[in-house]
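See below for the structure under consideration.
Every chain is numbered from 1, with letters handed out A, B, ... down the list of sequences.
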Protein chains: 2
Amino acid sequence: MKPESLSSRPTSRLPREESLGYQVNHLARLLERALRLRIEEHGVVPGQFAQLLALYEQDGLTQRELCERVQIEQPTMAYTLQRMERDGLVHRVPDPHDRRQAKVLLSDRARELQEPLVAAAGEVNDLATRGLDVPEVAALLGTITRLIENLESIGRS
Amino acid sequence: MKPESLSSRPTSRLPREESLGYQVNHLARLLERALRLRIEEHGVVPGQFAQLLALYEQDGLTQRELCERVQIEQPTMAYTLQRMERDGLVHRVPDPHDRRQAKVLLSDRARELQEPLVAAAGEVNDLATRGLDVPEVAALLGTITRLIENLESIGRS
DNA sequence: TTGACATACATAGCAAGCTATGGATTAATC
DNA sequence: GATTAATCCATAGCTTGCTATGTATGTCAA
């Protein structure tokens with residue numbers, strides 16, 4: 001009995017329900033929507049969320065450091081930081097020792113949002129994983145991490 | 001020993017690595033990139049992929065029907081179909097019985113792309129799931145499906 | 001010290017997703 | 001039959017992601 005990987009199916013058909021890429025994309029959009037509904041009252045949008053989490057861990061990172069931690073390309077980060085600055089979540093302080101870069105610092109408002117934002121993310125997680133037991137969720141996160149490692153390793157090989 | 005769900009953690013910290021939403025978003029972007037690199041030679045982009053799969057299953061769907069199958073909002077589909085028409089992948093034939101709608105039909109070129117596109121998706125799936133055994137991948141897809149059902153059910157409740 | 005390379009950030013242009021809204025056509029109701 | 005409601009699609013405006021490219025600053029070597 002052959003393993004029958006997804007790519008070795010006999011015909012050229014590929015139902016969406018069996019397509020990993022489609023399912024992951026769909027899930028990502030649903031999670032983003034659920035998060036958006038719970039954080040918009042705080043004037044935050046999903047694309048700013050990971051940046052805020054990173055700055056809660058360590059404030060004053062540079063744009064480059066944020067890119068590495070959040071795993072977002074630099075131009076995307078540049079625009080996101082512009083919107084976050086516009087929305088009063090961060091401000092940037094030029095580094096006097098290296099005028100190419102600037103430290104990104106949380107505003108007071110952003111710091112006050114930490115609790116409700118993390119709570120909102122927890123709500124979404126709980127909602128999404130309703131009916132699943134703890135090992136199942138752990139297995140999910142573990143498998144996702146392995147896929148991410150697989151996909152990131154191709155750039156480095 | 002308490003279950004300790006993601007939302008009931010003691011502090012207000014939420015490492016990205018433990019955040020379901022972040023990890024799923026990250027994985028989705030990596031899968032999209034891997035697919036893009038493999039299909040761009042055929043003049044197709046990731047956002048057109050699910051639509052093509054749906055039309056390979058059944059040609060001549062309306063925009064509305066495509067939205068339901070691909071689970072994309074109607075305005076997004078409208079723009080994507082415009083680009084697909086521009087790129088010579090589909091054309092639209094007005095329905096004489098209901099002038100509000102039109103059937104979306106695959107071009108010859110699009111039909112010829114079915115084999116290589118499905119092969120490309122298979123390659124990405126195999127690459128992403130390298131080192132995982134078949135039950136592990138099946139469990140992943142099954143769990144993802146359950147999360148999708150959980151998140152979709154909130155709109156209907 | 002200066003010319004070449006490297007690094008940090010910004011900008012342009014595009015894709016792909018969303019919500020909100022509008023216009024045209026069909027269906028339903030009075 | 002006329003009005004109202006529902007349906008289908010298009011458009012506007014936004015966010016979030018990407019690649020490609022430009023500009024300014026810093027670094028290093030000749």
Interatomic distance where [atom1] belongs to [X] and [atom2] belongs to [N] [whole Å]:
X: E68(A); N: dC9(C); atom1: CD; atom2: C1'; result: 14 Å
X: Q82(B); N: dG17(C); atom1: CD; atom2: C1'; result: 15 Å
X: H26(A); N: dA16(C); atom1: NE2; atom2: P; result: 17 Å
X: E65(A); N: dA8(C); atom1: CD; atom2: C1'; result: 11 Å
X: E32(B); N: dT19(D); atom1: CD; atom2: C1'; result: 13 Å
X: R64(A); N: dG26(D); atom1: CZ; atom2: P; result: 16 Å
X: I39(B); N: dA16(C); atom1: CD1; atom2: P; result: 9 Å
X: D95(B); N: dT7(D); atom1: CG; atom2: P; result: 17 Å

Quick check on [N]: is either OP1 or OP2 less than 4.0 Å from any side-chain nitrogen or oxygen of [X]?
X: R29(A); N: dC18(C); result: yes
X: R83(B); N: dA15(C); result: no
X: N25(B); N: dG17(D); result: yes
X: R92(A); N: dA10(C); result: yes

Check this for me, if you would: do R69(B) and E57(B) make a salt bridge, where the nitrogen-to-carboxylate-oxygen distance has to be below 4.0 angstrom? no
Would E32(B) and R36(B) pass as an ion pair if we require N to O under 4.0 Å? yes
Which of these nucleotides, [options], is closest to any side-chain atom of [X]?
X: I72(B); options: dG17(C), dA15(C), dG17(D); answer: dG17(C)
X: R99(A); options: dC9(D), dT25(D), dA15(C); answer: dT25(D)
X: Y79(B); options: dA15(C), dC9(D), dA12(D); answer: dA12(D)
X: D98(A); options: dT11(C), dG26(D), dA10(D); answer: dG26(D)

Under a 3.5 Å cutoff, is there a donor and acceptor pairing between the side chains of Q74(A) and Q63(A)? yes
Checking side-chain polar atoms at under 3.5 Å, does R29(B) have a donor or acceptor matched by the opposite partner on Q71(A)? no
Flag side-chain contact, heavy atom, 4.5 Å: [X] against [Y]:
X: L151(A); Y: L31(B); result: yes
X: V90(A); Y: L55(A); result: yes
X: L20(A); Y: V124(B); result: no

Assign each of G47(B) and L81(A) the nucleotide of DNA chain C bearing its closest heavy atom; nearer the 5' end lies the nucleotide of L81(A)
First of A78(A) and P96(B) reached from the 5' end of DNA chain C, by closest nucleotide: A78(A)
Under 3.5 Å between N/O atoms: give me all the protein pairs with nucleotides 19-24 of chain C, atom names plus distance.
none

Is there a donor-acceptor contact under 3.5 Å from the side chain of Y56(B) to the main chain of A110(B)? yes
